[in-house]
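As structure tokens, the structure follows; a few thoughts come after it.
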Amino acid sequence: MLEKRTPRQRQKTRDPKQRSKDFDEVALGFTEEQATLEAKRCIMCKKKPCVAGCPVDIDIPEFIASIVKGDYEGAIRKIKEKNNLPAICGRVCPQETQCEALCTLSAKGKPVGIGALERFAADWEIAHLKLKIPKIENRRGIKVAAVGSGPAGLTAAADLARLGYEVTLFESLSASGGVLRYGIPEFRLPKKILDIETEYVRSLGVDIKLNVLIGRTFTINDLFNDGYKAIFL
Ligand code: SF4
């Protein structure tokens, strides 16, 4: 599988002259050809050291193997078994200190571009498929809440919804996303991408309530009194 002479692929970026005039995204993502070349650099290590560096435990070589085969839908399904926000994470996760830092190839060269491959699979899904909503088998009829719709709140809410809980996500501001919306500039993470993945979280059944400041609009005790059995803060 290893093509020794294939260098690590670099995402194309917009011309600095052009991008100095606007705030549009700088990195353009891999082309299909680049994604295939980069995926083929993975040597499919049996012990999968990269997975230990992934905070959400994505089976990295499995999704990369799907890209090698040209099965991009298979790749995004594998990623989404563990990660509900792959287009966001593929752009802004610090892979260089996580999965890529543990990649076997980094011992003698450059690690596999795992983050850019994740972004490729996620962007491919957005461009080619209707976002597929996983079937929720075990509806528990138990209300839980998450407070704050930044990356932690969105992730917790989506995971809990997939486990069958009735989830309400409370956000104090008039738009969801927290640091993803207000802390990361458009040229790194377009709001369009955030909105698409937030819509995916909603479609899992998460009720996002905006302009609700927990502690002022409602207290934690109000939530428990209202029937919420657990609250993620
Ligand atoms: S450690 Fe690197 S080369 Fe090995 S399976 Fe993971 S991504 Fe592929």
Side-chain angles (χ1 to χ4, degrees), residues 1-13 25-129 131-132 134 151-152 154-156 158-159 162 180 184 188-190 193-194 196-197 200-201:
M1 184 76 58
L2 175 65
E3 295 186 3
K4 281 192 178 127
R5 277 186 250 158
T6 304
R8 177 172 157 124
Q9 301 297 300
R10 294 185 60 172
Q11 299 182 54
K12 289 206 175 95
T13 52
E25 190 170 23
V26 171
L28 297 174
F30 280 160
T31 62
E32 198 171 332
E33 186 189 1
Q34 283 182 304
T36 306
L37 286 171
E38 189 59 28
K40 284 183 174 175
R41 293 182 66 235
C42 174
I43 55 174
M44 304 292 155
C45 312
K46 269 199 177 142
K47 292 193 175 163
K48 309 181 182 186
C50 49
V51 178
C54 175
V56 293
D57 203 32
I58 295 172
D59 192 330
I60 292 165
E62 279 286 321
F63 97 74
I64 291 178
S66 292
I67 292 179
V68 171
K69 286 186 268 178
D71 177 11
Y72 307 137
E73 184 168 1
I76 191 63
R77 294 285 155 264
K78 182 52 68 181
I79 293 168
K80 281 189 153 177
E81 284 176 6
K82 297 292 176 76
N83 187 355
N84 298 299
L85 309 172
I88 293 172
C89 294
R91 286 171 166 79
V92 300
C93 230
Q95 293 96 7
E96 63 283 0
T97 59
Q98 297 180 334
C99 52
E100 292 182 13
L102 297 183
C103 175
T104 307
L105 297 198
S106 60
K108 287 195 176 167
K110 297 205 167 144
V112 174
I114 299 167
L117 288 172
E118 181 181 33
R119 170 184 168 162
F120 171 79
D123 286 359
W124 183 89
E125 182 187 36
I126 290 169
H128 294 92
L129 301 176
L131 285 179
K132 191 169 172 183
L154 282 172
T155 299
D159 283 348
R162 289 176 66 170
L180 299 172
I184 302 180
R188 280 274 285 133
L189 175 62
I193 295 294
L194 171 60
I196 288 170
E197 296 211 318
Y200 174 72
V201 173

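Numbering of ligands and ligand atoms starts at 1, following listing order. Quick note: residue numbers are just sequence positions, from 1.
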With the side chain counted from C-beta on, respond yes when K12 and F30 share a heavy-atom pair under 4.5 Å apart, and no when they do not.
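No, too far: nothing below the 4.5 Å cut-off.
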Can you find a heavy atom in the side chain of V92 that is under 4.5 Å from one in the side chain of R188?
yes
Basic-acidic side-chain contact under 4.0 Å: D59, K78
no
Atom 6 (Fe) of ligand 1 reached by C50 (N, O or S, under 2.8 Å)
yes
Closest protein heavy atom to atom 5 (S) of ligand 1, given as residue, atom name and distance to 0.1 Å
C45 N, 3.4 Å
Can you report which non-hydrogen protein atom sits closest to atom 8 (Fe) of ligand 1, along with the distance?
C42 SG, 2.4 Å
For T104, the ligand 1 atoms whose distance to one of its heavy atoms is below 4.0 Å:
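Matching atoms, with element in brackets: 1 (S), 2 (Fe), 4 (Fe).
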Ligand-residue contact atoms, ligand 1 with I43, heavy atoms, under 4.0 Å
3 (S)
As a test of understanding, state which of H128, E32, R77 forms a side-chain hydrogen bond (donor to acceptor under 3.5 Å, both in side chains) with Y72.
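The option that passes is E32.
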Quick check on side-chain contact (heavy atoms from CB on, under 4.5 Å): which of I126, L85, L154, N84 does Y200 satisfy it with?
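The side-chain contact (heavy atoms from CB on, under 4.5 Å) with Y200 is passed solely by N84 among I126, L85, L154, N84.
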Assess C103: does it contribute an N, O or S atom lying under 2.8 Å from atom 2 (Fe) of ligand 1?
yes
